[in-house]
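Taking it in order: structure first as C-alpha cells, then the write-up.
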Amino acid sequence: MLGCIFCKIAAGERPATIYYRDDRCIAFQDNRAQAPVHALVIPRKHISSLNEAGPEDAELLGHLLSVAARTAQERGVHRSGFRVVINTNPEAGQTVYHLHLHVLGGRTMDWPPG
Ligand code: 5GP
Ligand code: ZN
C-alpha cells in the first residue's frame, strides 16, 4: 500500500535489520526497542490491523505466530520467556496501521501491561 512504512520495509525500499523473510512475511528489529529483544513480524500483505484480518487470513495469522516463536528462539529468549503483542487501534497504542506482531524478550515484564 502506497505510503505505508511497513510495506516499504517488506519491499526492501526502507532499511531495517531483517531477522527472517519468506514469501508471506518478514521479521525485523524494532527501531525503538522496548526490550533487549524487540522484533516485529509482519505479513507482506497489507492488512491495516487485526480488525481487518478476515477468515481468509487465518492460515497467514498462524504462520505469523509460528515465525514469532521462531524469532524468539533465534534471538535466544524462548527459554527465559518472551511476549507476543498485537496492538489494535488507538487505546491499545497502535501507531503503524500495517498488522504487526511485537516479539519482546530479554527482561522481566510486568502484568498487567501499562
Ligand atoms: P505499534 O505502536 O503500532 O504497536 O508499533 C509500531 C512499532 O513500529 C513501534 O514499536 C515502532 O518503534 C516501530 N517502528 C515504527 N517505524 C519504524 C521503522 O521505520 N522501522 C522500524 N524498524 N520500526 C519502526
Ligand atoms: Zn502496509
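Indexing begins at 1, ligand by ligand and atom by atom, following the structure's order.
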inquiry  = Is the shortest side-chain heavy-atom distance between D57 and K45 below 4.5 Å?
reply    = yes

request  = Give the contacting part of N87 toward ligand 1: side chain, backbone, both or neither, where contact means a heavy-atom distance below 4.0 Å.
outcome  = side chain

message = Applying side chain to side chain contact (heavy atoms under 4.5 Å, CB included) to L61 and L50, what does each step give before you reach the verdict?
response = CA-CA 9 Å; L61 294 177; L50 201 52; 4.2 Å; yes

query = What protein heavy atom is closest to atom 3 (O) of ligand 1, reported as residue, atom name and distance in Å?
reply = T95 N, 2.7 Å

message = Are any of the N/O atoms on V96, whether in the backbone or the side chain, positioned under 3.5 angstrom from an N/O atom of ligand 1?
response = yes

query = Same cluster or not: are L65 and L104 linked, directly or through other Ile, Leu, Val, Met, Phe, Trp or Tyr residues, by side-chain heavy atoms under 4.5 angstrom apart?
reply = no

inquiry  = Is it the case that atom CD in E56 sees more than 12 heavy atoms from other parts of the structure closer than 6.0 Å?
reply    = yes

request  = Would you mind checking which non-hydrogen protein atom is closest to atom 8 (O) of ligand 1, with the distance to 0.1 Å?
outcome  = F6 CZ, 3.4 Å

inquiry  = Would you say that L40 contacts H102 through its side chain, given a criterion of any heavy-atom pair below 4.5 Å between the two side chains?
reply    = yes

remark   = Here the ring pair (Phe, Tyr, Trp, His ring centres under 6.0 Å) pairs for residues 40-74, sequence neighbours left out, are H46-H98

task = Let me see the working for V37 and F82 under side chain to side chain contact (heavy atoms under 4.5 Å, CB included), right down to the final yes or no.
result = CA-CA 9 Å; V37 171; F82 63 98; over 6 Å; no

ask   = Has M1 got more than 12 heavy atoms of other residues, nucleotides or ligands less than 6.0 Å from its CE?
value = no

request  = Starting from atom 9 (C) of ligand 1, find the nearest protein heavy-atom neighbour and note its residue, name and distance.
outcome  = D30 OD2, 3.3 Å

ask   = Is there a side-chain contact between T71 and F28, using heavy atoms and a 4.5 Å cut-off?
value = no

key: Those atoms of ligand 1 less than 4.0 Å from some heavy atom in I9   = 20 (N)

ask   = Does atom CZ of R21 have more than 12 heavy-atom neighbours from other groups under 6.0 Å away?
value = no

inquiry  = How far is atom 24 (C) of ligand 1 from the closest protein heavy atom, and which atom is that?
reply    = N31 OD1, 3.1 Å

ask   = Any luck finding a side-chain donor-acceptor pair between S49 and E52 under 3.5 Å?
value = yes

inquiry  = Run Y20 and C25 through side chain to side chain contact (heavy atoms under 4.5 Å, CB included) and show every step you take.
reply    = CA-CA 8 Å; Y20 174 84; C25 74; 4.1 Å; yes

query = For ligand 1, which atoms, with element, lie under 4.0 Å from some heavy atom of F28?
reply = 21 (C), 22 (N)

remark   = With heavy atoms and a 4.0 Å threshold, my read on which part of Q34 contacts ligand 1 is neither

ask   = Going by heavy atoms in the side chains, are D30 and R32 under 4.5 Å from each other?
value = yes

query = Counting only heavy atoms not in E13, do more than 12 sit closer than 6.0 Å to its CD atom?
reply = yes

key: Nearest-0.5 Å distance, CZ of residue R75 to OG of residue S80   = 13.0 Å

query = What is the closest protein heavy atom to atom 5 (O) of ligand 1, and at what distance does it sit?
reply = H100 NE2, 2.9 Å

note = Near the Zn ion (ligand 2), meaning under 2.8 Å, the protein N/O/S atoms are C4 SG, C7 SG, H46 ND1, H98 ND1

R32 neighbourhood, listing ligand 1 atoms whose heavy-atom distance to it stays under 4.0 Å = 12 (O)

message = Against ligand 1, does G93 come closer than 4.0 Å with any heavy atom?
response = yes

ask   = Which is it for V85 and ligand 1 at heavy atoms under 4.0 Å: side chain, backbone, both or neither?
value = neither

request  = Around atom 16 (N) of ligand 1, find the nearest protein heavy atom and jot down its residue, atom name and distance.
outcome  = I5 CD1, 3.3 Å

ask   = Considering only heavy atoms of Q94, which atoms of ligand 1 have at least one such atom less than 4.0 Å away?
value = 3 (O)

ask   = In terms of residue, atom name and distance, what is the protein heavy atom nearest to atom 22 (N) of ligand 1?
value = Q29 O, 2.9 Å

query = What part of T17 sits under 4.0 Å from ligand 1 if we count only heavy atoms: the side chain, the backbone, both or neither?
reply = neither

Short N or O distance, H102 and ligand 1, threshold 3.5 Å exclusive = yes

